[in-house]
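First comes the structure, then the notes that go with it.
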Amino acid sequence: MSAFEAELQRRLEELESQSLLRKLRCVSSPQGVRIQVDGRELLNFSSNDYLGLATHPKLKAAAMEATERFGTGSGASRLICGSLEPHHQLELELAAFKGTEAALVFSTGYGTALGSITALVGKEDVIILDKLVHASIVDAARLSGATLRVFRHNDLADLEEILQWSGKRGGRTLIVTESIFSMDGDDAPLRELVALKEKYGAWLMIDEAHATGLFGGRRRGLAEEGGVSERVEVQMGTLGKALGSAGGYIAGSRRLIELLVNKARSFIFSTAPPPAASAAASAALVVIGSPEGLSLVNKLRANSSALKAGLRFASRAANSPILPFLVGDENQALGVADALRTQGIFVPAIRYPTVPRGKARLRFTVSAGHSSGDIARARSALLAAAENAAG
Ligand SMILES: *Cc1c(COP(=O)(O)O)cnc(C)c1O
């Protein structure tokens, strides 16, 4: 074994000894409520395809039509010759959907956070993050070179203390948080956050990855539900979750979008998204805005309440599709996930570094496609597995 291979081996063994080694599982079916994993059918409680749109006939038809017309690849970055009609169309529709002047589409949500945050703040500035924001936001904040401060999760008093400090310092301050948190499923106090950032003249960016399409009267997101959309400088979201496609977006003012086109490096130096992905996301916005979208969201909410009833899920948000079941110990969380898989139910054990050490959990995500029988099966399997783990 070469010294390089020996070093890799040592690192992998270290992960394994801490119950932190991860493996890929091959899924040989479409995304859905029932998936084929390593040759076995499992009832899926792990997907972010909350409304089942990833396999919706209208999205598939839109993707195929775009492929027929525009081919599979975009050929270049947006600023060279890859800025295809489906991208422009989607951006117009996203802006209309979000009620903003403009929108910009990126190839991934990860790249959306990375490019937009580094375009907005730099060495002279301060960036303030909620303790539990997604890795993409943490990486972006570090890459930006701005002075980084973290406030305790959803703790407004802690945030205000940091804002007092950054206000005295002068310069720009950007606060970044999520609306529905990806691993905890709880919601940010958006109205209070907006009031605070206005009091201190800071800017606010909200990542609605897990709320776009699911919350608010027009299902624009939690900012719409809280009535604060117009007071948030930067609204981010993803296209790969409830929207059943792939990519990310920023919605905001025309100037914001123009600046990102010029400054967001993950936008500039990356091939434009495949036309099929943008066309599918456009079709998703049509479904979400229709009566079918409303009934899917209502079904999702009913399923989430039914799964939660009487069980000790750690999520305070009403109607969250993400229901974490805290176990704590990494090894024990893997044990409960294994026990559920034996019962035919697929729920991932989420461990460090996705969540803090000792906060391992089963992260249930509910879909509008689950039947009441599916929910009942998951409930009884979880009760049995959790009892065994405790006993
Ligand atoms: C999934 C997610 C992202 C990244 O989006 P991708 O399109 O999967 O790259 C960013 N932020 C949050 C909160 C997410 O949950």
Side-chain angles (χ1 to χ4, degrees), residues 48 74 76-80 82-83 87 90-91 94-95 98 100 102-151 171-183 188 202-212 221 223 232-243 245-253 255-274 277-278 281 353-355:
N48 302 317
S74 293
S77 67
R78 291 283 301 276
L79 283 168
I80 304 297
S83 203
H87 306 133
L90 173 58
E91 285 164 351
L94 270 171
K98 296 293 287 183
T100 55
L104 189 68
V105 170
F106 293 68
S107 299
T108 67
Y110 185 92
T112 308
L114 215 63
S116 55
I117 289 173
T118 54
L120 288 171
V121 291
K123 275 203 288 294
E124 315 291 303
D125 308 317
V126 174
I127 185 163
I128 310 178
L129 307 183
D130 184 286
K131 175 87 177 108
L132 295 188
V133 292
H134 191 262
S136 58
I137 298 170
V138 175
D139 293 358
R142 289 191 181 135
L143 187 63
S144 75
T147 301
L148 173 59
R149 290 286 181 275
V150 174
F151 63 101
R172 290 164 292 236
T173 298
L174 175 68
I175 305 166
V176 191
T177 191
E178 287 172 37
S179 58
I180 294 289
F181 281 83
S182 64
M183 290 301 139
W203 301 335
L204 180 61
M205 172 168 172
I206 296 178
D207 183 352
E208 298 245 41
H210 296 278
T212 307
V232 177
E233 282 80 7
V234 189
Q235 301 190 62
M236 172 183 159
T238 57
L239 306 171
K241 286 159 183 155
L243 268 55
S245 179
Y249 70 83
I250 296 286
S253 71
R255 283 188 198 88
L256 170 65
I257 300 311
E258 196 176 350
L259 183 86
L260 295 181
V261 167
N262 284 277
K263 289 286 182 187
R265 293 171 64 85
S266 63
F267 177 86
I268 299 168
F269 298 105
S270 191
T271 299
S278 292
T354 310
V355 296

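Partners of Arg265 by salt bridge (charged side-chain N to carboxylate O under 4.0 Å, His left out), not counting sequence neighbours: none found. Remark: Asn262 pairs with no residue by the side-chain hydrogen bond (donor to acceptor under 3.5 Å, both in side chains) rule, at least two apart or across chains. Residues passing the side-chain contact (heavy atoms from CB on, under 4.5 Å) test with Pro273 are His87, Val105, Ser107, Ser278, sequence neighbours excluded. For Thr238, the side-chain contact (heavy atoms from CB on, under 4.5 Å) partners two or more places apart in sequence, or in a different chain, are Ala209, Lys241. Applying the ring pair (Phe, Tyr, Trp, His ring centres under 6.0 Å) criterion to Tyr249, with sequence neighbours excluded, gives no partner residue. With sequence neighbours excluded, the residues satisfying side-chain contact (heavy atoms from CB on, under 4.5 Å) with Leu143 are Leu114, Thr118. For Arg149, the salt bridge (charged side-chain N to carboxylate O under 4.0 Å, His left out) test picks out no residue, with sequence neighbours left out. Residues satisfying the side-chain hydrogen bond (donor to acceptor under 3.5 Å, both in side chains) criterion with Asn48, sequence neighbours excluded, are Tyr50, Arg363. Residues passing the side-chain hydrogen bond (donor to acceptor under 3.5 Å, both in side chains) test with Thr177: none are found, sequence neighbours excluded. Not counting sequence neighbours, Ala135 has no partner by the side-chain contact (heavy atoms from CB on, under 4.5 Å) test. With sequence neighbours excluded, the residues forming a side-chain hydrogen bond (donor to acceptor under 3.5 Å, both in side chains) with Ser179 are Glu208, listed by chain and number.
Atom CG of Leu129 is separated from atom CD1 of Ile117 by 7.0 Å, given to the nearest 0.5 angstrom. The CG atom of Leu174 lies 8.5 Å from the OG atom of Ser144; values are rounded to the nearest 0.5 Å. Going from atom CD1 of Ile137 over to atom CG of Leu132 covers 11.0 Å, rounded to the nearest 0.5 Å. Taken from CD1 in Ile128 to OG1 in Thr147, the straight-line distance is 10.5 Å, to the nearest 0.5 Å. Separating the CD1 atom in Ile250 from the CG atom in Leu260 is a distance of 6.0 Å, to the nearest 0.5 Å. Taken to the nearest 0.5 Å, the CZ atom of Arg78 stands 4.0 Å off from the CD atom of Glu91.
Contact detail for Ala246 and Ala277: the closest heavy-atom pair is O-CB, 4.2 Å. Considering all non-hydrogen atoms of both residues, Gly237 and Thr212 come closest at CA-OG1, 4.1 Å. Across Ala264 and Ser116, no two heavy atoms sit closer than the pair CB-N, 4.4 Å. In this structure, Ala202 and Ile175 approach most closely via the heavy-atom pair CB-CD1, 4.0 Å. Considering all non-hydrogen atoms of both residues, Gly111 and Ser266 come closest at O-OG, 2.5 Å. Pairing each heavy atom of Ile206 with each of Glu178, the nearest pair is CG2-C, 4.3 Å.
Side-chain N or O atoms of Thr100 include one that pairs as donor or acceptor with a backbone N or O of Ala102 at under 3.5 Å.
By the 4.5 Å heavy-atom criterion applied to side chains, Leu120 and Leu259 are counted as neighbours.
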Worked check of side chain to side chain contact (heavy atoms under 4.5 Å, CB included) between Leu79 and Val261: CA-CA 8 Å; Leu79 283 168; Val261 167; 3.8 Å; yes
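Residue pairs meeting the salt bridge (charged side-chain N to carboxylate O under 4.0 Å, His left out) criterion with at least one partner in residues 116-131, sequence neighbours excluded, are Asp125-Arg172.
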